[in-house]
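Below is one structure, written out as structure tokens; comments come after it.
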Amino acid sequence: LRTALNDSKIQWFHIPVGLGIGFLGLVQFYRVSKREREKQEFEGQDAEGKAKKRPRIRHEGPWQVQLMSALPLKALSRLWGKFNELEIPYYLRVPGFKLYSYIFGVNLDEVAEPDLHVYPNLAAFFYRTLKPGVRPLDPNPNALVSPADGRVLQFGQIEGGDIEQVKGMTYTVDALLGQRTPTPSISSASQSDDEGDASVRSRELREDGELVKKDEEFARVNGITYTLPDLFSGGSKFKKHSDLEDQSVKPSAVSVAEVGVDLALGEKPWYDLLSEERRHSLYYAVVYLAPGDYHRFHSPTNWVVERRRHFAGELFSVSPYLQRTLPGLFTLNERVVLLGRWRYGFFSYVPVGATNVGSIKINFDRELRTNSLTTDTAADRAAEEAQKRGEQYAGYAEASYEGASPILHGHALRKGEEMGGFQLG
Amino acid sequence: STIVLVFEAPIGEADPQTGAHKGWTWAVEKGQRVKMGQALGYV
């Protein structure tokens with residue numbers, strides 16, 4: 001090896017390499033200067049008492065996190081995606097994919113396509129399908145099944161609006177799912193465009209004959225009708241709380257009590273109502289998909305998706321290590337929040353992207369584009385317009401599936417049905 | 001990549017008369033590897 005290194009002539013492609021590095025440097029320089037400019041504007045305005053701007057979220061954590069947050073992660077992720085779409089020479093495909101499978105523990109016996117030559121590149125192999133029958137559903141009809149292959153990182157009951165009590169992974173449900181009910185301006189992402197309906201519809205709750213308007217009705221828990229804003233936003237104070245720069249701060253009893261005060265449902269905090277009646281509560285589960293796992297995801301139960309919120313956030317790695325060190329990671333990363341209902345009430349499904357797997361695909365939502373330059377710029381533009389109007393930007397683009405089925409007011413999914421997947425880059 | 005599920009379900013508790021557990025029950029352990037279709041829990 002030493003003689004080879006010493007004797008062989010090294011050829012640098014200095015021009016393309018130089019251009020590449022220069023381009024990344026320019027992108028990073030533009031982002032830092034834009035951030036500094038916003039910061040100055042923000043301080044200036046506050047002193048003059050103008051409408052409050054959306055505070056920039058600061059990523060707390062050790063130097064690795066600081067380093068990561070300074071990198072242009074989305075640009076890198078898109079480059080990674082482009083790199084993996086490069087076609088692999090025909091005869092290198094089988095050894096290449098076998099090496100990948102050996103490193104990441106992929107079981108090739110389960111792959112639907114026996115001939116690996118069919119996959120033109122790694123991106124196609126990554127999004128492989130499995131043979132029918134290799135993932136039987138749990139026979140218990142009341143079971144909620146895992147949406148994908150992976151590892152259960154966290155699960156539990158939601159207490160007081162927090163998803164997790166373990167250090168470093170505490171964030172509020174609002175920060176994860178978004179805070180507001182849809183506004184009439186949302187676009188419709190239903191399957192048949194001509195049925196799309198861009199407005200929020202009123203709907204009857206037949207079970208007890210009570211007529212409840214849509215944006216006031218979220219669930220019937222213990223005989224009380226809750227609205228989504230009531231349960232998840234709780235008024236401006238809570239909103240301010242969820243905008244806190246350091247998401248890892250657990251809400252103090254006082255702040256949560258303030259939430260209670262804001263609720264139209266009476267003086268007690270919302271979560272007290274839930275726990276006191278001891279009949280329904282909110283639960284959560286976090287499933288982590290490793291690089292070698294099957295990356296299509298399925299429906300864990302029979303439910304109806306009513307709307308989706310696309311947060312075009314960042315693309316930090318979601319490795320278990322970073323989940324422990326970067327507080328509120330899931331509220332920072334790009335994610336698609338699918339909101340709907342199942343037999344026991346509210347149900348939400350949140351695929352969260354990561355640096356190497358930045359694209360989230362939803363089979364029944366042709367409008368959705370994740371990890372793309374257009375959605376990022378659209379998100380920035382929306383934030384600026386909201387800022388000009390003196391409003392707070394909700395942080396997501398919303399679409400409704402109400403047009404998918406006039407009866408169900410949403411897109412129905414069956415247990416085990418494929419919903420979409422994660423793609424490289 | 002990661003998938004987060006947040007959902008509402010009947011609170012898991014022991015039935016005072018029969019002592020049987022009813023409501024939501026987890027069927028996994030923390031850190032457990034799961035396959036698609038495997039039960040995470042049941043009511």
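Here is the naming used below: chain letters follow the sequence lines, and residue numbers restart at 1 for every chain. These numbers come from a predicted model, not from an experiment.
- Chain A forms the most heavy-atom pairs under 4.5 Å with one residue out of B:T25, B:V28, B:I3, and that residue is B:I3.
- Classification of the A:F297-A:Y349 ring pair by plane angle, with boundaries at 30° and 60°, yields tilted.
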Mind listing the side-chain donor-acceptor pairs of residues 417-425 of chain A below 3.5 Å, one per line with the distance, residues two or more places apart or on another chain?
from   : atom 1 : to     : atom 2 : distance (Å)
A:E417 : OE1    : A:R414 : N      : 2.9
A:E418 : OE2    : A:R296 : NH1    : 3.0
A:E418 : OE2    : A:N363 : ND2    : 3.2

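- Using a cutoff of 4.0 Å between basic side-chain nitrogens and carboxylate oxygens, B:R33 and A:D293 are scored as salt-bridged.
- Of the listed residues (A:P139, A:A354, A:S146), the one with the most heavy-atom contacts under 4.5 Å to chain B is A:S146.
- Considering only heavy-atom pairs separated by less than 4.5 Å from chain B, the leading option among A:A143, A:P351, A:A285 is A:A285.
- Contact annotation for A:P147: both backbone and side-chain heavy atoms come within less than 4.5 Å of a heavy atom of chain B.
- Shown here is B:W26, whose CH2 atom has more than 12 heavy atoms of other residues, nucleotides or ligands within 6.0 Å.
- The side chain to side chain donor-acceptor pair (under 3.5 Å) search around A:R135 returns A:E110, A:D149, not counting sequence neighbours.
- The contact between A:W342 and chain B is made entirely by side chain atoms (from C-beta outward), counting heavy-atom distances below 4.5 Å.
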